[in-house]
Number of protein chains: 2
Amino acid sequence: MAATIKDIAKRTGLGLATISSYLNGGNVREKNRILIEEAIEELHFEVNEIARGLKTNRTKIIGIIIPELNNPFFSEVVAEMEDILRNHGYATMLCDCRTDEKREAEAIEFLKKRRVDGVISVPVTREGTYFQELQESGIPVVTVDRKLEGLDCDCVLVDNRVGTKSAVERLIQAGHRNIGIITGKNDVYTTKERLLGYYDALDEAEIERDDSMIANGQFTIQGGANALKELVEKNEKMTAVYVCNYEMMVGAMIEVNELGIRIPIQLSFIGFDNIEFAKACVPRLSIVTQPIKDIAKEAVNCMLERLEDGKQTPAHTISLPTDFMGGESIQALN
Amino acid sequence: MAATIKDIAKRTGLGLATISSYLNGGNVREKNRILIEEAIEELHFEVNEIARGLKTNRTKIIGIIIPELNNPFFSEVVAEMEDILRNHGYATMLCDCRTDEKREAEAIEFLKKRRVDGVISVPVTREGTYFQELQESGIPVVTVDRKLEGLDCDCVLVDNRVGTKSAVERLIQAGHRNIGIITGKNDVYTTKERLLGYYDALDEAEIERDDSMIANGQFTIQGGANALKELVEKNEKMTAVYVCNYEMMVGAMIEVNELGIRIPIQLSFIGFDNIEFAKACVPRLSIVTQPIKDIAKEAVNCMLERLEDGKQTPAHTISLPTDFMGGESIQALN
DNA sequence: TTATTAAACCGAAACGTTTCGGTTTTGTCT
DNA sequence: AGACAAAACCGAAACGTTTCGGTTTAATAA
């Protein structure tokens, strides 16, 4: 059916190796180059990447494992990575593990069997054993957004601690002392970091920590809604709240509406991640944003360096700063 | 490095063909089965899908081409399809073409070279020539959400016309006569269908069509914002607006806030697609929703029927009904 | 027991590339 | 023109499977 390299060789009278060399950017005499290109054109030849993959033991496929594609932050990161990867000739094989550890392990197994060249993941597990095994079997791993213990791989993070700290500081500077926080799943890296940033800000301002000001929203919309309700009910004096991711921000806003709370008069609010959502709220929300494009760029970069340049250096972690987009959701109390 | 089928053969004393047969579900004597399974365990054998693909000429990869992953409707469809596909042993190769015809063509070419078994796409182009070529070269194509002229392939749609008609009818029944609509890109299939549904409703209620009530939001947030502004400025009498997709709904809400318009008192509003967003708005928006899981299921089904059962029947189109989620964004004028 | 048939088993060949080691051609310098 | 080095070229072998046609083994019947 489809033309092969042999057909091109026969058609041009050249040898297999010459055609192969041409296809891989090797030097070929001008007149042969023309011959080959004519033949390719004529026979609609396309190199069979599968055969090539078998021979070279490289598929030029990067596996991507994420907790939820249905999460704007992740989907944007994926879209960006896919773009860059394809520009480098790499295909993207996507696995959504639905925030499920078992599914994540299955995805790793699946991608390993598919012989992907590397795996980029926003991991769900706490322990990185499966990823570690994968990496030890020769498939480089890059994690994004979260760092795993027991997994010695390149890692691209945003500085959630500092970003959160400076966001909470804004609230403090506006005169707030009773600041609630809606956190995500307890054992996730970013949750811990963001909580630390929150503590940093409180400690520095010498505001006492108060556990009743912390509610867990599990990174879900419903969780965010519940958490907001819990915070409001438990803390009459609370004047501001900081929400640690997009989904929970949506949930919190749903609940804010449900309860008829007026922002910022009754409650100041800082959310996370999604500029469009923030702008669509009344009043516009102030949010901490993450440099999505840079995250994607750095992650792909790490991967390609190991793959293309055969980089063997020890794993390193890249930390990117967050940004802040001001809205009208912070009330100045002073 | 990794064990091959030959290693298993050697280890068990059996022949290559027997191992292969076992791996593909063929019959093997009980004692040999045990032998083989032991060897596989021991040597950590995993079949090399690449080699298999070369031999069988099937990659068990489905290519997916969508306009924007960064669009909840598409990303949810993709997530759902990926889930089902992987359960059937198929991998998902993702291409985001950023709503760009040229990139779409590149993606088709890319996936063809990668020898995917089939392509599922939400197409961007008007003419399906590239997809048609792909299909004629033996790679089945299924389009989702949009139907292309000149492309004879299976197609999964939602009945946008009827869905839109009945949504607009709700507005009419609430007493509205001056109903604006924010449409998407002109040449996209869904745009036309939704506009037809809008006309259907108006015609049936004997409301005169008025071009100044139609604004094009280009399916983007900014476009939606601009369109809403345009509609409001041009039509003082407009009491309701119907917005044809999620992005434009977000944009429209941003602009609603910008202009200080109060919903539903000053303007009734029906949006599209995203339940969470609708619930997070004040007041909660009424929206038309699409049966995302069914869409994904049907699309994958169409593909697998052709791939697995070798179905050769002529292309057929599946049409799914929309649903409606009521909020508090419609003011009764009567 | 022997004949018959079905079920298991077998290895070589093939899928379409790349790569290795060696050969030919080209170009340059005397 | 001859010598030499460098560049271009070459085909066989290999990557790890599946498949084909044929052979052995087991199961059943006579």
Side-chain angles (χ1 to χ4, degrees), chain A residues 1-37 39-40 43-61 89 91 112-117 137-138 307-308 310, chain B residues 1-37 39-40 43-61 89 91 112-117 137-138 308:
Chain A
M1 186 70 240
T4 78
I5 220 178
K6 282 182 193 163
D7 298 320
I8 305 295
K10 209 167 293 173
R11 183 75 139 66
T12 56
L14 296 167
L16 253 4
T18 308
I19 313 297
S20 175
S21 164
Y22 166 85
L23 291 173
N24 292 290
N27 279 328
V28 167
R29 259 189 277 283
E30 182 67 4
K31 69 176 206 295
N32 290 338
R33 207 207 73 218
I34 294 170
L35 269 176
I36 294 174
E37 282 169 1
I40 288 178
L43 304 178
H44 302 111
F45 169 79
E46 272 179 344
V47 3
N48 185 326
E49 298 284 349
I50 308 303
R52 176 181 276 175
L54 174 60
K55 191 66 232 208
T56 58
N57 217 16
R58 309 185 63 227
T59 51
K60 287 238 171 191
I61 298 176
K112 190 176 173 200
K113 214 174 263 169
R114 292 310 190 121
R115 301 301 210 261
V116 295
D117 287 348
S137 80
L307 253 29
E308 311 262 87
Chain B
M1 187 69 241
T4 79
I5 221 179
K6 282 183 193 162
D7 298 321
I8 305 294
K10 210 168 293 171
R11 184 75 140 64
T12 56
L14 296 167
L16 254 1
T18 308
I19 314 296
S20 174
S21 164
Y22 166 85
L23 290 174
N24 292 289
N27 281 326
V28 167
R29 260 189 276 283
E30 182 67 5
K31 69 177 206 298
N32 290 338
R33 206 208 74 218
I34 295 170
L35 269 176
I36 294 174
E37 282 168 2
I40 287 177
L43 304 179
H44 302 111
F45 170 79
E46 272 179 344
V47 4
N48 184 325
E49 297 285 350
I50 308 303
R52 177 180 275 175
L54 174 60
K55 192 65 228 203
T56 58
N57 217 15
R58 309 185 62 229
T59 51
K60 288 239 172 190
I61 299 176
K112 190 177 172 199
K113 214 175 263 169
R114 291 309 190 122
R115 301 304 208 260
V116 295
D117 287 348
S137 81
E308 310 262 88

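The analysis underlying the following values was restricted to heavy atoms, covering all of them including side chains, and did not include hydrogens, waters or symmetry mates. Here is the naming used below: chain letters follow the sequence lines, and residue numbers restart at 1 for every chain. The structure presented is a predicted model; accordingly, all values stated were derived computationally and were not measured.
As a whole-Å value, the separation of A/Asn32 CG from D/dC9 P is 5 Å. In this structure, A/Ile5 atom CD1 and C/dT18 atom C1' are separated by 8 Å, rounded to whole Å. B/Asn57 has its CG atom 12 Å from the C1' atom of C/dA14, to the nearest Å. One atom, CZ of B/Arg33, and another, C1' of C/dC9, lie 17 Å apart when rounded to the nearest Å. Between the CD1 atom of B/Ile50 and the P atom of D/dA14 there is a distance of 22 Å, given to the nearest Å. Taking atom CG of residue B/Asn27 and atom C1' of nucleotide D/dA27, one finds them 15 Å apart after rounding to whole Å. Rounded to whole Å, atom P of C/dT19 lies 10 Å from atom CZ of A/Arg58. Atom CD1 in B/Ile8 sits about 13 Å away from atom C1' in D/dT17, given to the nearest Å.
Nucleic acid contact class of A/Glu46 (heavy atoms, under 4.0 Å, all strands): sugar-phosphate only. Using a 4.0 Å heavy-atom distance criterion, A/Phe45 is classed as a sugar-phosphate-only contact. Note on B/Thr56: only backbone sugar-phosphate atoms sit closer than 4.0 angstrom, heavy atoms only; bases stay farther off. Nucleic acid contact class of B/Leu14 (heavy atoms, under 4.0 Å, all strands): sugar-phosphate only.
For A/Ala51, the side-chain atoms get nearest to C/dG16 when compared with the rest of C/dG16, D/dT17, C/dT18. For A/Thr18, the listed nucleotide lying nearest its side chain is D/dC10; candidates were C/dT18, D/dG16, D/dC10. Taking every side-chain heavy atom of B/Ala17 into account, C/dC10 is the closest of D/dG11, D/dT17, C/dC10.
Nucleotides of DNA chain D nearest to B/Lys6 and A/Val28 differ in position, and the one nearer the 5' end is that of A/Val28. DNA chain C is contacted by both A/Asn48 and A/Arg29; A/Asn48 maps to the nucleotide lying nearer its 5′ end (nearest heavy atom per residue). Each of B/Lys31 and B/Leu54 lies near DNA chain D, and the nucleotide nearest B/Leu54 is the one positioned closer to the 5' end.
To the nearest 0.5 Å, the span separating OG1 on B/Thr59 from CG on B/Leu54 amounts to 11.5 Å.
The number of heavy atoms from other shown groups lying within 6.0 Å of NZ (A/Lys60) is above 12. Within 6.0 Å of atom NZ in B/Lys112, more than 12 heavy atoms from other residues, nucleotides or ligands are found, so the atom counts as buried in its surroundings.
Test B/Ile5, B/Asn24, B/Val47 against B/Ile19 for side-chain contact (heavy atoms from CB on, under 4.5 Å) and you get one pass: B/Ile5. Screening A/Ile36, A/Ile8, A/Ile40 for a side-chain contact (heavy atoms from CB on, under 4.5 Å) involving A/Leu23 leaves a single residue, A/Ile40.
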